[in-house]
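Read through the structure below, which is laid out as structure tokens, and then see the notes.
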Amino acid sequence: MSKEKNNTSSKPKGYLTGKEIRAIAKANKKETKRLEEYKNRRAKEAEFLTEMKSQNNILEIDDLHTYFFTEQGVVKAVNGVSFDVPKNATVGVVGESGCGKSVTSMSVMRLIQGPQGQIYSGDIRFAALDKTYDIAKMPIHEIHRIRGKEIAMIFQEPMTSLNPVFTIGQQLDEVSFIHNPESTPETAKAKSMEMLNLVGIAMPERVYNAFPHELSGGMRQRVMIAMALVSNPRLIIADEPTTALDVTIQAQILDLLRDLKTKIDGSILLITHDLGIIAEMADYVVVMYAGRVIEKGTVEEIFHDPKHPYTVGLQKSKPTLDSDSDTLYNIPGNVPNPINMPDHCYFKERCLNCTAKCSGDYPGMVQLSPTHFVACHLYGEEAVKNG
């Protein structure tokens with residue numbers, strides 16, 4: 001018996017015994033079953049109707065937790081995220097790969113792949129045209145009320161988002177048929193052609209009859225934007241919309257998005273890891289790290305007065321023409337294991353400014369100005385009082 005205990009205590013870090021794996025699988029099965037039943041329940045509309053905290057916002061994400069139940073344990077991909085998207089504004093969400101940006105946006109669209117992926121808790125309040133919904137509490141069969149209609153998404157890689165066996169016209173028309181039952185083939189095509197013109201496609205008839213593989217990357221991305229606009233959404237979520245494009249086409253797509261926001265009188269939630277795009281496009285910036293929001297504020301506050309050491313590190317990692325060094329700055333260390341996150345600040349092991357207090361509880365969000373917030377012990381209540 002003592003020999004077995006010694007073997008267990010000396011096992012490599014991260015190694016799981018068969019007993020531990022079975023226990024995780026049992027717990028995961030129980031929890032995902034509960035969440036799937038809640039997601040697929042039949043509910044009265046009153047259960048998922050709510051009110052916005054501020055009438056100036058179109059989207060309010062409040063303490064959102066989205067988890068993935070894996071064989072190794074629970075991955076807390078989004079772990080208590082809170083931020084708002086004001087009306088007629090562009091909010092940029094920035095951070096390293098794996099920080100939870102895309103999972104946050106997919107949670108808003110209710111596209112998290114179950115049963116492993118689940119919205120565990122939190123609120124996602126959305127001000128639709130006539131009602132306010134808590135998206136996190138909506139049964140999955142009710143999400144068609146707003147997904148693709150009042151909230152549309154532009155995905156990262158258009159070639160994998162478009163169906164290769166249908167023409168562009170067929171895929172654009174389908175959006176009209178789904179969200180407007182009164183559509184006829186003629187009215188659906190007219191709407192599709194209107195959107196193709198709106199996104200700056202020179203020969204819309206030719207593109208309408210083309211297959212996805214016959215178009216360039218930039219043209220496919222314009223088609224994805226046109227598809228998002230067919231139902232006149234109030235909110236567009238753009239997840240890395242320029243990643244697969246060269247810089248010239250990137251500039252054209254960003255100009256297009258900027259113009260469209262004014263034309264549709266809507267808001268944009270822009271997900272990207274490119275700080276240059278954020279600086280050019282965003283009114284407000286949300287900085288994420290390891291599934292949490294670590295700083296948020298206006299674009300001027302984040303770029304000209306960053307507070308969190310991670311935000312400062314991101315700024316320093318940008319290539320600049322006036323840099324004296326021939327190498328890019330690299331934030332030292334690695335992101336912690338998403339399954340066994342520490343109780344203290346997640347950035348502590350990589351931070352050059354950490355103090356003894358950083359080994360304590362995870363820092364709460366501190367308000368530095370009406371719009372500027374940071375989660376860091378360097379800016380606790382006492383630090384703020386002392387200037």
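In this text, all values refer to a predicted model and were calculated from it rather than measured experimentally.
Side chains of I135 and F126 form a contact here, defined as non-hydrogen atoms less than 4.5 Å apart. Taking 4.5 Å as the limit, some side-chain heavy atom of I168 sits within range of a side-chain heavy atom of L162. Contact annotation: the side chain of R145 approaches that of F48 to within less than 4.5 Å [non-hydrogen atoms, C-beta and beyond]. Annotation: side chain of V93 is not in contact with side chain of L270 (no heavy-atom distance under 4.5 Å). A heavy-atom distance below 4.5 Å is not found between the side chains of E142 and E45. A 4.5 Å side-chain heavy-atom check between T104 and I271 finds every atom pair outside the cut-off. Contact annotation: the side chain of I331 approaches that of Y310 to within less than 4.5 Å [non-hydrogen atoms, C-beta and beyond]. At least one side-chain heavy atom of V91 sits less than 4.5 Å from a side-chain heavy atom of P86.
Remark: the backbone N or O of S183 is not paired with any side-chain donor or acceptor of T187 at under 3.5 angstrom. Side chain of T70 to backbone of Q72: a donor-acceptor contact under 3.5 angstrom is found. A distance-only check finds no donor-acceptor pair linking the side chain of R125 to the backbone of D134 [under 3.5 Å]. No donor-acceptor distance shorter than 3.5 angstrom exists from the side chain of E71 to the backbone of A25, with no hydrogens or angles considered. R234 places a side-chain N or O within 3.5 Å of a backbone atom of A127 that can act as its donor or acceptor partner. A distance-only check finds no donor-acceptor pair linking the side chain of R222 to the backbone of I253 [under 3.5 Å]. For the pair K261 (side chain) and A89 (backbone), a donor-acceptor distance under 3.5 Å is absent. Side-chain N or O atoms of N163 include one that pairs as donor or acceptor with a backbone N or O of V165 at under 3.5 Å. A donor-acceptor pair under 3.5 Å links the side-chain atoms of N197 to the main chain of M193, judged by distance alone. Of the possible donor and acceptor atoms, one in the side chain of E214 sits under 3.5 Å from a partner among the backbone N and O of F211.
H372 pairs with exactly one of K296, K307, E295 by the side chain to side chain donor-acceptor pair (under 3.5 Å) rule, that one being E295.
The residues D62 and K53 are annotated as salt-bridged, a charged nitrogen and a carboxylate oxygen being separated by less than 4.0 angstrom. Between E47 and K44 there is no salt bridge, since no side-chain N of the basic residue sits under 4.0 Å from a carboxylate O of the acidic one.
Q252 and D255 form no side-chain donor-acceptor contact under 3.5 Å, judged by distance and modelled atom types alone. Residues T32 and Q116 bring no donor and acceptor atom of their side chains to less than 3.5 Å of each other. Judged purely by distance below 3.5 Å, without hydrogens or angles, the side chains of H141 and N40 never pair a donor atom with an acceptor atom. If you check the side chains of T167 and N209, you find no donor sitting under 3.5 Å from an acceptor. With 3.5 Å as the limit, one finds no donor-acceptor pair spanning the side chains of E96 and H273.
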- request: With salt bridge (Lys or Arg N to Asp or Glu O under 4.0 Å) as the test, would you mind laying out the steps for R34 and E37 before giving the verdict?
  value: CA-CA 5 Å; R34 179 184 72 83; E37 288 176 351; over 6 Å; no
query: Please walk me through it: do D63 and S82 pass side-chain hydrogen bond (donor to acceptor under 3.5 Å, both in side chains)?
result: CA-CA 5 Å; D63 196 27; S82 299; 5.1 Å; no
message: Walk me through whether F68 and Q113 qualify under side-chain contact (heavy atoms from CB on, under 4.5 Å).
response: CA-CA 9 Å; F68 290 90; Q113 185 66 49; 5.8 Å; no
task: With side-chain hydrogen bond (donor to acceptor under 3.5 Å, both in side chains) as the test, would you mind laying out the steps for D361 and H344 before giving the verdict?
output: CA-CA 5 Å; D361 295 335; H344 55 70; over 6 Å; no
D173/S192 under side-chain hydrogen bond (donor to acceptor under 3.5 Å, both in side chains): CA gap, chis, key distance, verdict: CA-CA 6 Å; D173 292 350; S192 298; 2.6 Å; yes
message: Determine whether Q118 and E36 satisfy the following criterion, side-chain hydrogen bond (donor to acceptor under 3.5 Å, both in side chains), listing intermediate values before the conclusion.
response: CA-CA 8 Å; Q118 299 285 346; E36 281 289 303; 2.6 Å; yes
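A tilted orientation is assigned to the rings of F69 and Y120, their planes being inclined by 30° to 60°. Below 30°, between 30° and 60°, or above 60°: for Y67 and H65 the angle between ring planes is above 60°, a perpendicular geometry.
Shortest non-hydrogen contact noted between P363 and C376 is CB-N, 3.8 Å. Of all heavy-atom pairs between P306 and F303, the closest is CD-O, 3.9 Å. Between L129 and E150, the shortest heavy-atom distance links the atoms N-OE1, 2.8 Å. When every heavy atom of V335 is checked against every heavy atom of R350, the shortest pair comes out as CG2-NH1, 3.5 Å. Nearest heavy atoms, V285 versus V299: CG2-CA, 3.8 Å. Residues A228 and M153 share a closest heavy-atom pair of CB-O, 4.4 Å.
A distance of 5.0 Å separates CE in M106 from CG in L111, rounded to the nearest 0.5 Å. Once rounded to the nearest 0.5 Å, the distance linking OH of Y362 with CG of D343 reads 12.0 Å. Residue L275 holds its CG atom at 6.0 Å from OG of S317, rounded to the nearest 0.5 Å. Atoms OG1 and CD1, on T66 and I119 in that order, are 5.0 Å from each other to the nearest 0.5 Å. Separating the CG atom in N28 from the NZ atom in K26 is a distance of 12.5 Å, to the nearest 0.5 Å. Interatomic distance, CG of L49 versus CE of M138, reported as 8.5 Å (0.5 Å rounding).
When hydrophobic clusters are built by joining Ile, Leu, Val, Met, Phe, Trp and Tyr residues whose side-chain heavy atoms come closer than 4.5 Å, directly or via intermediates, V312 is not grouped with L368. L64 is not connected to V74 by any chain of hydrophobic side-chain contacts under 4.5 Å among Ile, Leu, Val, Met, Phe, Trp and Tyr, and they are in different clusters. Under the 4.5 Å side-chain heavy-atom criterion for ILVMFWY residues, a single connected hydrophobic cluster contains both Y289 and L352. Using a 4.5 Å cut-off between side-chain heavy atoms of Ile, Leu, Val, Met, Phe, Trp and Tyr, with links allowed through other members, V108 and L257 fall into the same hydrophobic cluster. Cluster membership for V175 and I178, using ILVMFWY side-chain heavy atoms within less than 4.5 angstrom, is not shared.
More than 12 heavy-atom neighbours from other residues, nucleotides or ligands sit within 6.0 angstrom of CZ on R41. No more than 12 heavy-atom neighbours from other residues, nucleotides or ligands sit within 6.0 angstrom of CD on E174. Dense packing is recorded around OH of Y38, with more than 12 heavy atoms of other residues, nucleotides or ligands lying under 6.0 Å away. Taking a 6.0 Å sphere around NZ of K149, one finds it holds 12 or fewer heavy atoms contributed by other residues, nucleotides or ligands. The number of heavy-atom neighbours closer than 6.0 Å to OH of Y284, taken from other residues, nucleotides and ligands shown, is 12 or below. In this structure, K137 places its NZ atom where more than 12 heavy-atom neighbours from other residues, nucleotides or ligands lie under 6.0 Å away.
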